[in-house]
Amino acid sequence: MTRLTRDFFARDALVVAKALVGTTIVHQGKRARIVETEAYRGPKDLACHARAGLTKRTKPLFGPPGHAYVFLIYGMHECFNVTCKAEGAGHAVLIRAAEIEGERGDGPGRFARAMRFTRAHNSESLMTEHLHLLPRERRVRIAVSARVGVAYSGEWADMPYRFYDAASAHVSKPPKSAIGSATAKPRPRS
DNA sequence: CATATGATTCCA
DNA sequence: GGAATCATATGA
């Protein structure tokens, strides 16, 4: 009853991405509070899969809003997306991290695996009994940054399309490059 | 048909 | 810093 409805998803991915932070996704009884998302805005967005037009792979992406778009990346990780705006728009929001009871859900691949999402869920409705979303229960302080892993998309790589809960410790990557933790050098072989 | 590559993660 | 690993997109 309090579930998010089609109207929630039928908006620009940019709006939905921001609105999704802090909401809870429910799948097969597992609940996860979404803390990090990224918006992908259709064919004009060179970082979005929709840039290649309607293909076998992107078919779910061009489907009606409020449905699942799942794809395999790097040959080993599933990425779960929520379709937005309107059928044919090619808009979607990637769920990058969430707080899951007793499990790690930080990182697109980890989130999808923890929530048991696979490509078999493509085009499934996100407004059903076993798969739906619930509105936020508390106010959330949302931070913004550029998207991750899309450096190849030129000017689109710098667009502030990544949203995350500033108070959560479960975001997949640090806001700035506060990554002071210098990467260890490969140790000399013994 | 052959080839290049990516909305990542893990290990050293 | 670099490998792992494969479906999809793209070009011949």
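Note that this is a predicted model, so its numbers are computed, not measured. Side chains included, hydrogens not; waters and symmetry mates left out as well; all remaining heavy atoms used. First the proteins, then the strands, lettered A, B, ... as listed; each starts at 1.
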Item checked: Which nucleotides of DNA chain C pair, in dot-bracket form (Watson-Crick or G-U under 3.5 Å, | meaning another strand) -> ||||.||||||.

Please list each protein N or O that sits under 3.5 Å from an N or O in nucleotides 9-12 of chain C, with the distance.
from, atom 1, to, atom 2, distance (Å)
C:dA9, OP1, A:T55, OG1, 2.2

Under-3.5 Å N/O pairs linking protein and nucleotides 2-6 of chain C:
from, atom 1, to, atom 2, distance (Å)
C:dT5, O2, A:Y74, O, 2.9

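Applying the 4.5 Å side-chain rule to ILVMFWY residues, one finds that A:V148 remains a lone member of its cluster.
Ionic pairing of A:R119 and A:E78 is present here: one or more N-O contacts between side-chain nitrogen and carboxylate oxygen are shorter than 4.0 angstrom. Salt bridge status for A:E38 with A:R147: absent, with no side-chain N to carboxylate O gap under 4.0 Å.
Under the side-chain hydrogen bond (donor to acceptor under 3.5 Å, both in side chains) criterion, A:D12 pairs with A:R41, sequence neighbours left out. Residues that satisfy the side-chain contact (heavy atoms from CB on, under 4.5 Å) test with A:A157, not counting sequence neighbours, are A:V150, A:S153.
If you measure from atom CZ of A:R162 to atom P of B:dT8, you get 11 Å, rounded to the nearest angstrom. Between A:E78 atom CD and C:dA7 atom P there is a gap of 11 Å when expressed in whole angstrom units. Rounded to whole Å, the distance from CD on A:E36 to P on B:dA7 is 16 Å. One can place CH2 of A:W156 at 16 Å from P of B:dA7, the figure rounded to the nearest angstrom. What separates CG of A:L46 from C1' of B:dG6 is a distance of 15 Å, to the nearest Å.
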Throw together a table of side-chain donor-acceptor distances under 3.5 angstrom for residues 20-28 of chain A, partners on residues two or more places apart or in other chains.
from, atom 1, to, atom 2, distance (Å)
A:T23, OG1, A:L20, O, 2.6
A:H27, ND1, A:M115, O, 2.8
A:H27, NE2, A:H121, NE2, 3.4

Could you pull out all donor-acceptor pairs under 3.5 Å where a side-chain atom in residues 56-66 of chain A meets a protein atom, sequence neighbours excluded?
from, atom 1, to, atom 2, distance (Å)
A:T58, OG1, A:G53, O, 2.8
A:T58, OG1, A:T55, N, 2.9
A:T58, OG1, A:T55, OG1, 3.2

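Using a 4.0 Å cutoff on non-hydrogen atoms, the parts of residues 97-108 of chain A near DNA chain B are A:G107, A:P108, ordered by number.
Between A:F117 and A:F111, the angle of the ring planes lies from 30° to 60°, which puts this pair in the tilted group.
For residues 129-141 of chain A, every residue pair satisfying the salt bridge (Lys or Arg N to Asp or Glu O under 4.0 Å) rule, not counting sequence neighbours, is listed here: A:R3-A:E129. Residue pairs meeting the salt bridge (Lys or Arg N to Asp or Glu O under 4.0 Å) criterion with at least one partner in residues 100-111 of chain A, sequence neighbours excluded, are A:K30-A:E103, A:R104-A:D106. Residue pairs satisfying the salt bridge (Lys or Arg N to Asp or Glu O under 4.0 Å) criterion with at least one member in residues 15-28 of chain A, sequence neighbours excluded, are absent.
Cluster membership for A:V82 and A:V15, using ILVMFWY side-chain heavy atoms within less than 4.5 angstrom, is not shared. Clustering ILVMFWY residues whenever any of their side-chain heavy atoms sit less than 4.5 angstrom apart, transitively, puts A:L131 in the very cluster that holds A:I34.
Residue A:Y152 places at least one side-chain N or O under 4.0 Å from the OP1 or OP2 atom of B:dA7.
Taking the P atoms as reference points, C:dT5 lies 22 Å from B:dA2, given to the whole Å.
At a threshold of 4.0 angstrom between heavy atoms, the contacts of A:R96 are confined to the sugar-phosphate backbone, with no base atom among them.
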